[in-house]
Protein chains: 2
Amino acid sequence: MGTMGRPREFDAEKALDKALDVFWRNGYEGASISELTHAMGISPPSLYAAFGNKEKLFRSALDRYAEVRKQLWQELMKEPTARAMMARLFERVIDFYAEEGNPNCCMLVKGTMSSGDCGELLAQHLSAKRAESETMIVERFRQAKANNELPDDIDPEDLARYYMTVLEGMSVRAAGGADRKELRNIADLAMRGWPGK
Amino acid sequence: MGTMGRPREFDAEKALDKALDVFWRNGYEGASISELTHAMGISPPSLYAAFGNKEKLFRSALDRYAEVRKQLWQELMKEPTARAMMARLFERVIDFYAEEGNPNCCMLVKGTMSSGDCGELLAQHLSAKRAESETMIVERFRQAKANNELPDDIDPEDLARYYMTVLEGMSVRAAGGADRKELRNIADLAMRGWPGK
DNA sequence: AGCGTTCTGTAACGAGCGCTACAGATGTAC
DNA sequence: GTACATCTGTAGCGCTCGTTACAGAACGCT
């Protein structure tokens, strides 16, 4: 069997990327089907046949966003020290938020704040995605502690949560119009507070 | 002239407080007129006669939110040192975010992330409100620097922006389900990074 | 060729949105 | 009392939302 019937005339992955862009910019509720179909270059029935419905499409877009982000972060974990890793992560994130083409925010943060009542399950999905990134940092910090890079009274989980919080705060600032310089100042002060032995 | 015609049968301030609660919990787009009127205990025409339209109602609710918040913060500025002020501010904000009845977030942060295309002017209004709070901290830090509480190479504006960012990040975490203990850990690490001389 | 399967666009569904026309109710001014 | 001004609820406006019925088009299979 396999490929029976009329084949689809659009690239599902490219269409998903377009949908991701719309969701990222407007949030879940702010993105309408008509705007999505227009950006994706397909008609509503094609969208529903390929992605189920609006919520499933959002989840797919979210998975794609998280996947790309995870891949970018993964590289940084190889930095020789946890401190260097964190400094580079700040740089990366600043570039990401300040980049012209992008919406100036993290999609996961935006989704968390604007999910509202649009589905408790959706909020859980978002929470899980954020936790994935945080876990990467936790593990890097555990490794750092084993290497004696961190004071004894610092819990890797707490420290990871703290720096994730700063990053999430920076996303709010960026969405509010903060420029590259302001973001860099924030990152500098965060790194200045790095726990000394 | 003055009071001609039939007098209104509801308390406009109490109705505004109810509207604030709905907007706070659901955001601007997520709050429907029917939900608002139901919570406020009035009918749509009364709402429009008293508050203009949905956007103006939101702005009024926002002003009220910011006013209360500003008043709470103002007290803390009297703390003897900037460091003590900041520590107390963290406590206050944690209580605020962890309080049962409240939505677990800052309305200004939520509004900033979920405004989307619902009006550029609205985003500016939100931005101005956030700036007001930040200015309070900047001035307290300026005063602290004059008192030699802060290192020479620390700019009060930068430091205020940094701590505001942490607070905004904490709002994101709280919205994502963080409990009091997690928030306290974040605040502790932020205060641990307080710039030493 | 003919059939079954799947994709395509058009066009529309019911529901909810923000908002308001309207008529009745309730106050002041004369 | 009569006239005017304002608030009140009902009922509905036009619109957009997410979603789908439907008919036609494009493929593999026999």
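Atoms considered below: every heavy atom in the structure, side chains included; atoms not considered: hydrogens, waters and symmetry mates. By convention in this document, chain letters (A, B, ...) are assigned in the order of the sequence lines, proteins followed by strands, and residues within each chain are numbered from 1.
Per the geometry, CD belonging to A:Glu29 stands 16 Å off C1' belonging to C:dG18, to the nearest Å. As a whole-Å value, the separation of A:Ile33 CD1 from C:dG14 P is 19 Å. At whole-Å resolution of the value, NZ in B:Lys54 and C1' in D:dT16 are 13 Å apart. Going from atom CD of B:Glu35 over to atom P of C:dC17 covers 9 Å, rounded to whole Å. The separation between B:Lys56 atom NZ and C:dC19 atom C1' is 13 Å, rounded to whole Å. The OH atom of A:Tyr28 sits 8 Å away from the P atom of D:dG18 (whole-angstrom rounding). Between B:Arg8 atom CZ and D:dT8 atom C1' the separation is 12 Å, expressed in whole Å. The distance from atom CG of B:Asn53 to atom C1' of C:dC17 is 14 Å, rounded to the nearest whole Å.
Listed by first and then second residue, the side chain to side chain donor-acceptor pair (under 3.5 Å) pairs involving residues 72-81 of chain B are B:Glu79-B:Arg88 (not counting sequence neighbours). The side chain to side chain donor-acceptor pair (under 3.5 Å) contacts involving residues 91-106 of chain B comprise B:Asp95-B:Arg180, where partners must be two or more places apart or lie in separate chains.
Here the side chains of B:Arg142 and B:Glu157 are in contact, with some heavy-atom distance below 4.5 Å. The shortest distance between side-chain heavy atoms of B:Phe23 and B:Leu62 does not fall below 4.5 Å. Looking only at side-chain heavy atoms (C-beta outward), A:Asp158 and B:Asp188 stay at 4.5 Å or farther from each other. B:Glu139 is not listed as a side-chain neighbour of B:Met77, based on a closest heavy-atom distance of 4.5 Å or more.
The nearest heavy atom of DNA chain C to B:Ala31 and to B:Gly5 marks one nucleotide each, and the one closer to the 5' end goes with B:Ala31.
Residue side chain A:Arg6 does not reach the base of D:dC27 through any donor-acceptor N/O pair under 3.5 Å, judged by distance alone.
Between B:Ser34 and the phosphate of C:dG16, there is no side-chain N or O to OP1/OP2 separation shorter than 4.0 Å.
Between B:Trp194 and B:Phe141, the ring planes are perpendicular. Angles over 60° get that label, and only those under 30° would be called parallel.
In the region residues 40-51 of chain B, proximity to DNA chain C at under 4.0 angstrom, judged on heavy atoms, holds for B:Pro44, B:Pro45, B:Tyr48. Residues of residues 9-18 of chain B having a heavy atom closer than 4.0 Å to DNA chain D, listed by number: B:Glu9, B:Phe10.
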Do any side-chain atoms of residues 41-52 of chain B form donor-acceptor pairs under 3.5 angstrom with protein atoms, and if so which ones, sequence neighbours left out?
none

What pairs of donor and acceptor atoms, side-chain ones from residues 125-136 of chain A against any protein atom, are under 3.5 angstrom apart with sequence neighbours left out?
{"residue": "A:His125", "atom": "NE2", "partner": "A:Asp63", "partner atom": "OD1", "Å": "3.0"}
{"residue": "A:Lys129", "atom": "NZ", "partner": "A:Asp63", "partner atom": "OD1", "Å": "3.2"}
{"residue": "A:Arg130", "atom": "NE", "partner": "A:Thr112", "partner atom": "OG1", "Å": "3.1"}
{"residue": "A:Arg130", "atom": "NH2", "partner": "A:Thr112", "partner atom": "OG1", "Å": "3.3"}
{"residue": "A:Glu132", "atom": "OE1", "partner": "A:Lys70", "partner atom": "NZ", "Å": "3.4"}
{"residue": "A:Ser133", "atom": "OG", "partner": "A:Arg69", "partner atom": "NE", "Å": "3.1"}
{"residue": "A:Ser133", "atom": "OG", "partner": "A:Arg69", "partner atom": "NH2", "Å": "3.2"}
{"residue": "A:Glu134", "atom": "OE1", "partner": "B:Arg173", "partner atom": "NH1", "Å": "2.8"}
{"residue": "A:Glu134", "atom": "OE1", "partner": "B:Arg173", "partner atom": "NH2", "Å": "2.9"}
{"residue": "A:Glu134", "atom": "OE2", "partner": "B:Arg173", "partner atom": "NH2", "Å": "3.3"}
{"residue": "A:Thr135", "atom": "OG1", "partner": "A:Ala131", "partner atom": "O", "Å": "2.9"}

